[in-house]
Each structure stands twice: as C-alpha cells, then as structure tokens.
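First comes the structure, then the notes that go with it.
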Amino acid sequence: MTRVLIIQGEGMDRRGLELVEVFGPETLEEINTGIEALADQLAIEVDIFQSNDEAAVVERLSSAAAEPFAAMIINPGGFTPSTGPLPDAVGALPFPAYEVHASNPASRGVRSTIGPVCRGSVCGFGYAGYGMVLKALSA
C-alpha cells in the first residue's frame, strides 16, 4: 500500500475558527477526515502530523526520511514564507513533496519558500487540493 505523509503547518489548527473568508469554514479535523476518507478509497495510507513549531515539523521530516513513504503533502500554513530550516528539510527528503494551499498565497503577497523545493504545488482549489495530489499519486 502506498504511504503518504501529510504535514499540516502553523495555524492549521485554527482553520474554521479564523480567517474563514480566506480559508473557508472547514476545521482541521474536518480537513483531515476528508483526506483520510479519500485516501481509504484510493488504497493510500496517510500519516497526518500538525504542529505550530517549525522545529517539530523539521524533526518529523527528519524521522520520515527513514520511513517507507512514497510522497509527502505539506500545507505549510504560516510556515509558507519560512526562512528557517523547513525548506531545506523538505528539499532533503528522499521522496517527492507537494505543497498544497486552500487559497493562493501569492494573491495575498505571500511568497512560498516551500514550493521551490517541492515537485509540485496546488493552490486555490480549497481543500480539494489534497485530493488532487492523492489522486495523482494513486494513478
């Protein structure tokens, strides 16, 4: 079975509670439940991790490098413009990474430092972006 790591970055735990006009009303629990349901349909195992601490995310990526993941999907949230260690950690993974955003960060003047080290990015399709990547990985 294909195994995919899902990283939910800084502020994702506040989805559905803040900036609903930008990110929609879905809570992180609802987002993750949708990801898990689609992954089950596609026979993909997902491991979901969320943290507001960039060091914790980097540590998770470091340990994931030794695990049998086929890919990683990251919604970096507030880490999107990170100048810390996260972009290097994503770029060092031995499997492809894909960046997902519900909205289009560039439309708000946010430049991603994560996208350039990913194989691809999906922005502006709401949380359906996770499904787009999962479906592509299952093809």
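Along the sequence shown, the residues carry numbers beginning at 1.
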Enumerate, atom names and distances included, each donor-acceptor pair closer than 3.5 Å involving a side-chain atom of residues 82-89, sequence neighbours excluded.
unit_1	atom_1	unit_2	atom_2	d
Ser82	OG	Glu54	OE1	3.4
Ser82	OG	Glu54	OE2	2.6
Ser82	OG	Gly84	N	2.9

Under 3.5 Å, which donor-acceptor pairs do the side chains of residues 33-41 form with other protein atoms, sequence neighbours left out?
unit_1	atom_1	unit_2	atom_2	d
Thr33	OG1	Glu29	O	2.8

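Side-chain contact between Ile114 and Ile74 is present, with at least one heavy-atom pair separated by less than 4.5 Å. Contact of the Gln8 side chain with the Asn32 side chain is registered, since non-hydrogen atoms from C-beta on lie closer than 4.5 Å. Contact annotation: the side chain of Glu10 never approaches that of Thr80 to less than 4.5 Å [non-hydrogen atoms, C-beta and beyond]. Looking only at side-chain heavy atoms (C-beta outward), Pro68 and Arg3 come within less than 4.5 Å of each other. In this structure, Cys123 and Ser103 have side chains that are not in contact, with every pair of non-hydrogen atoms separated by 4.5 Å or more. Proximity of Val133 to Lys135: side-chain heavy atoms (C-beta onward) are nowhere separated by under 4.5 Å.
A continuous path of Ile, Leu, Val, Met, Phe, Trp and Tyr side chains, each step under 4.5 Å between heavy atoms, connects Leu134 with Met132, placing both in one hydrophobic cluster. Cluster membership for Leu5 and Val46, using ILVMFWY side-chain heavy atoms within less than 4.5 angstrom, is not shared. No continuous path of hydrophobic side-chain contacts links Val100 to Val110 [ILVMFWY only; heavy atoms under 4.5 Å]. Cluster annotation: Ile31 and Val122 are assigned to the same hydrophobic cluster (Ile/Leu/Val/Met/Phe/Trp/Tyr, side-chain heavy-atom contacts under 4.5 Å, transitive). Connection of Ile48 to Val57 is not established within any shared hydrophobic cluster, with ILVMFWY side chains joined at heavy-atom distances below 4.5 Å, either directly or through further cluster members.
Residues passing the side-chain contact (heavy atoms from CB on, under 4.5 Å) test with Val117 are Val90, sequence neighbours excluded. Qualifying ring pair (Phe, Tyr, Trp, His ring centres under 6.0 Å) partners for Phe23, counting only residues two or more places apart in sequence or in other chains: none. For Asp13, the side-chain contact (heavy atoms from CB on, under 4.5 Å) partners are Leu28, Gln50, Asn52, not counting sequence neighbours.
Considering every non-hydrogen atom in both Ser121 and Gly115, the closest pair reads OG-CA, 3.9 Å.
Within a 6.0 Å sphere centred on CZ of Phe49, other residues, nucleotides and ligands contribute more than 12 heavy atoms.
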Practice item. Might you work through the salt bridge (Lys or Arg N to Asp or Glu O under 4.0 Å) test for Arg60 and Asp47, ending with a clear yes or no? Key: CA-CA 11 Å; Arg60 179 64 187 108; Asp47 180 338; 2.9 Å; yes
Exercise for review: Would you sort out whether Leu61 and Met72 count as a side chain to side chain contact (heavy atoms under 4.5 Å, CB included), showing the intermediate values?
Suggested key: CA-CA 9 Å; Leu61 295 179; Met72 181 204 45; 3.5 Å; yes
Exercise for review: May I have the step-by-step check of side chain to side chain contact (heavy atoms under 4.5 Å, CB included) for Thr2 and Glu45, ending in yes or no?
Suggested key: CA-CA 6 Å; Thr2 300; Glu45 179 184 346; over 6 Å; no
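Side-chain atoms of Ser112 and Glu99 include a donor-acceptor pair closer than 3.5 Å. Asn75 and Tyr130 are linked by a side-chain donor-acceptor pair at a separation below 3.5 angstrom, with hydrogens and angles left out of the test.
Counting only residues at least two apart or on different chains, the ring pair (Phe, Tyr, Trp, His ring centres under 6.0 Å) pairs with a member in residues 80-119 are Phe69-Phe95.
Between Arg15 and Glu30, none of the side-chain N atoms (NZ, or NE/NH1/NH2) sits under 4.0 Å from a carboxylate O, so this pair counts as no salt bridge.
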